[in-house]
Structure formats: C-alpha cells, structure tokens
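This report concerns only the one structure given below.
One-based numbering, in listed order, for ligands and for the atoms of each.
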Amino acid sequence: MTGHFAALDGLGFPPFEPGTVWLVGAGPGAPGLISLLGYYALGQADVIVYDALVSETLLALAPPSAERVYAGKRGGKPSEKQADISLKLVEWAQKGKRVLRLKGGDPMVFGRGAEEAGALVARGIPFRIVPGITAGIGGLAYAGIPATMRDTNQSVLFLTGHDETGNLPSALDWAAVAKAAPVIVMYMAVRHLGSIADKLMAGGRDPADRLAVVTNATLPGQMVVEATLGTVAEIEHLLVTPAIVVLGPVSAQRQDFDWWVGSLRENGLG
Ligand code: SAH
C-alpha cells in the first residue's frame, strides 16, 4: 500500500503555495471519498478550516502541526459568520499560510464556496477549487439509487429546502419545479419536507411519485426511508439530519442495487 501511495508523489501534484487558499470538497462523509488532490492538500496545509460534516479521519491525515479551525454552522444560521470565515481565509493567506478550506461534499454545491471564492477574488488572494463528491450524487450511490437512468430520467434537478433565513426558498417557482424534471434531489429539505411535498403536489406532481430519504449517507449509520410524495407525513418522525431527499422513479433501483450492506459498512474509509 505504502509503495502505491508513494507513486502518487511522482505524478507531480500542483504545489500548494504559501499565501494561497484551496477550497476543497471532502465528499459526503466517508473519508475515502475525498479526491487525490484533496488528500494531497491535507498533507500540505498550514491551516485547515473545516465544516461540521467533515470527517475526523480526514482531519487526522493532516500533519499535527497544521492548525485546525472549526467553522461549522448547520441549518441556515445567519450569514454574519460566513463573512467572518471569508475574512479569516484572507487574513491567513495574507500571513503566508497554505490555507485549506475543507467543505462537505462539493464546495460549490449549496456550500457557499462561491461566496468564499468571491471574498478571495476581491482581495487578490490566489486560490484553487478542488471539487468533491456531492451528497446529492454520492449519497444516492451509497443507497443504490442512480441519479439518472436512461429509461426513466434524462434530467435531474437539485434544490435546497431552505434559504439563508431558514425558510422555504421564496425564489423557487414550485409549480415549475414540480414539472421540470422526473428526478428532484433535495438538500437541507427535512425541516420543510411536508410543505415542499404540498407545493410540488399543488404544482401537479403525482402523489404516488416515489420518494427516498438517505440520512447520514456514506457513514456507518446511513439509513434510507422510503415513501411517496403523498405519504411524507408518515415518515417525517423517522428523519434525522443530514439527509438527502430524492424524488422520482430512480429510487426503485434500490431493490436491486442496495450494495452497501453488512460488513462493507464496517470499513473505515467507506
Ligand atoms: N456542499 C455539500 C452540501 C452542503 S449543504 C455537498 O455538495 O454535498 C448540507 C446538506 O447536504 C445537508 O443538509 C444534506 O441535505 C446534504 N448532506 C451533506 N452530507 C450528507 C450526508 N452524509 N448524508 C445526507 N445528506 C448530506
């Protein structure tokens, strides 16, 4: 194994220059789902600013000397803290640190990575974006649910179930969303799931449409709860967070594709 990983060094990773910020996606939870570039960045960073959903196992891969800073916020808290985080990234970079901003899933998917990148651009801080596996795709895969299938859906719609105030996103045209795609993947949607279901049905979505909720996706405690759009009220009490909700025919594939079971779940990396 060691020899195999040593071979990576020969590939020539891009240098993590002092005074730069890398916005890195950690993947949906299981530490094995980070990219090679992300893994490399962990080994080089001087400061790691990480979110609530980032695995301890990943953080432990960084050198003991790396400063670890928790920047967690869950469930649509005020955005003042976001400005603080962006400012801190700038300050550390200006001090000549290699700053690793480690975010759950993909940094640019419902993760405010764009706001942070914007703050860096505004101050002329060089940065790199290292994509990650987003929960809305990787989380489904661990539940045996394909995001697309040729026979059922040629499009997927991603949405967030709450905005920065914690309310149902007011900018969403729910009637249009209801008809836009056979498969709708919802982030941060547990709190308002009942209202979301009502809005989609009011927009013409079939109450018999299948719905699956994958909680703690890719983590040992992953749980999948299935219902239909019309029976969401019956499962709400079972739901914990973080959870990804998928609406549409693809969840039927779980019957055949539910591969991540039994002893497979005991592997520490995924
Ligand atoms: N940037 C992240 C999303 C951040 S928003 C990404 O690309 O995945 C946080 C939301 O992501 C959670 O409310 C939940 O909807 C989803 N999520 C993140 N990790 C998850 C996990 N392990 N299991 C289920 N949902 C998850």
Exercise. Give a yes or no on this: more than 12 heavy atoms of other residues, nucleotides or ligands lie within 6.0 Å of atom CD of Gln154.
Key: no
Quiz item: Can you check whether Ala243 has an N/O within less than 3.5 Å of an N/O in ligand 1?
Solution: yes
Quiz item: Does Thr218 have a non-hydrogen atom less than 4.0 Å from ligand 1?
Solution: no
Quiz item: Counting from 1, what ligand 1 atoms have a heavy atom of Asn216 closer than 4.0 Å?
Solution: 22 (N), 23 (N)
Quiz item: Is any side-chain heavy atom of Arg101 less than 4.5 Å from a side-chain heavy atom of Leu89?
Solution: yes
Exercise. Using distance alone, decide if ligand 1 has a nitrogen or oxygen within less than 3.5 Å of any nitrogen or oxygen in Val109.
Key: yes
Quiz item: Are any of the heavy atoms in Thr241 under 4.0 Å away from ligand 1?
Solution: no
Practice problem: Tell me, please: is Gly29 in heavy-atom contact with ligand 1, that is, under 4.0 Å? | Solution: no
Practice problem: Could you tell me whether ligand 1 has any atom less than 4.0 Å away from a heavy atom of Gly139? | Solution: no
Quiz item: Given Asp46, which of Arg98, Lys97, Lys95 fulfils the salt bridge (charged side-chain N to carboxylate O under 4.0 Å, His left out) condition?
Solution: Arg98
Quiz item: Where do Gly161 and Ile196 come nearest, in terms of heavy atoms and distance?
Solution: CA-CD1, 3.9 Å
Exercise. Please indicate whether any nitrogen or oxygen in Val214 is less than 3.5 Å from any nitrogen or oxygen in ligand 1.
Key: no
Practice problem: Go through ligand 1 atom by atom and flag the ones less than 4.0 Å from a non-hydrogen atom of Thr134. | Solution: 6 (C), 7 (O), 8 (O)
Practice problem: Would you check whether Met186 has a nitrogen or oxygen atom less than 3.5 angstrom from a nitrogen or oxygen atom of ligand 1? | Solution: no
Quiz item: Taking both backbone and side-chain atoms of Gly111, is any N or O found less than 3.5 Å from an N or O belonging to ligand 1?
Solution: no
Quiz item: Heavy atoms, side chains only, cut-off 4.5 Å: are Gln222 and Val214 in contact?
Solution: yes
Quiz item: Any N/O of Gly104 closer than 3.5 Å to an N/O of ligand 1?
Solution: yes
Quiz item: Hey, mind stepping through Glu164 and Gln82 against side-chain hydrogen bond (donor to acceptor under 3.5 Å, both in side chains) and telling me if it holds?
Solution: CA-CA 11 Å; Glu164 64 279 2; Gln82 183 61 47; over 6 Å; no
Self-check item: Contact atoms of ligand 1, heavy-atom distance to Leu53 under 4.0 Å
Solution: 18 (C), 19 (N)
Self-check item: Lys199 side chain reached by Val177 side chain, heavy atoms, under 4.5 Å
Solution: no
Quiz item: Are any of the N or O atoms of Ile133 closer than 3.5 Å to those of ligand 1?
Solution: no
Quiz item: Any idea how Trp22 and Phe16 line up, ring-wise: parallel (<30°), tilted (30 to 60°), or perpendicular (>60°)?
Solution: parallel
Exercise. Would you please classify the geometry between the Tyr40 ring and the Phe13 ring as parallel, tilted or perpendicular, with 30° and 60° separating the classes?
Key: parallel
Quiz item: Would you find more than 12 non-hydrogen atoms of other residues, nucleotides or ligands less than 6.0 Å from Glu234 atom CD?
Solution: no
Quiz item: What atoms of ligand 1 come closer than 4.0 angstrom to any heavy atom of Ile244?
Solution: 24 (C), 25 (N)
Self-check item: Close N or O approach (Thr215, ligand 1; < 3.5 Å)
Solution: no
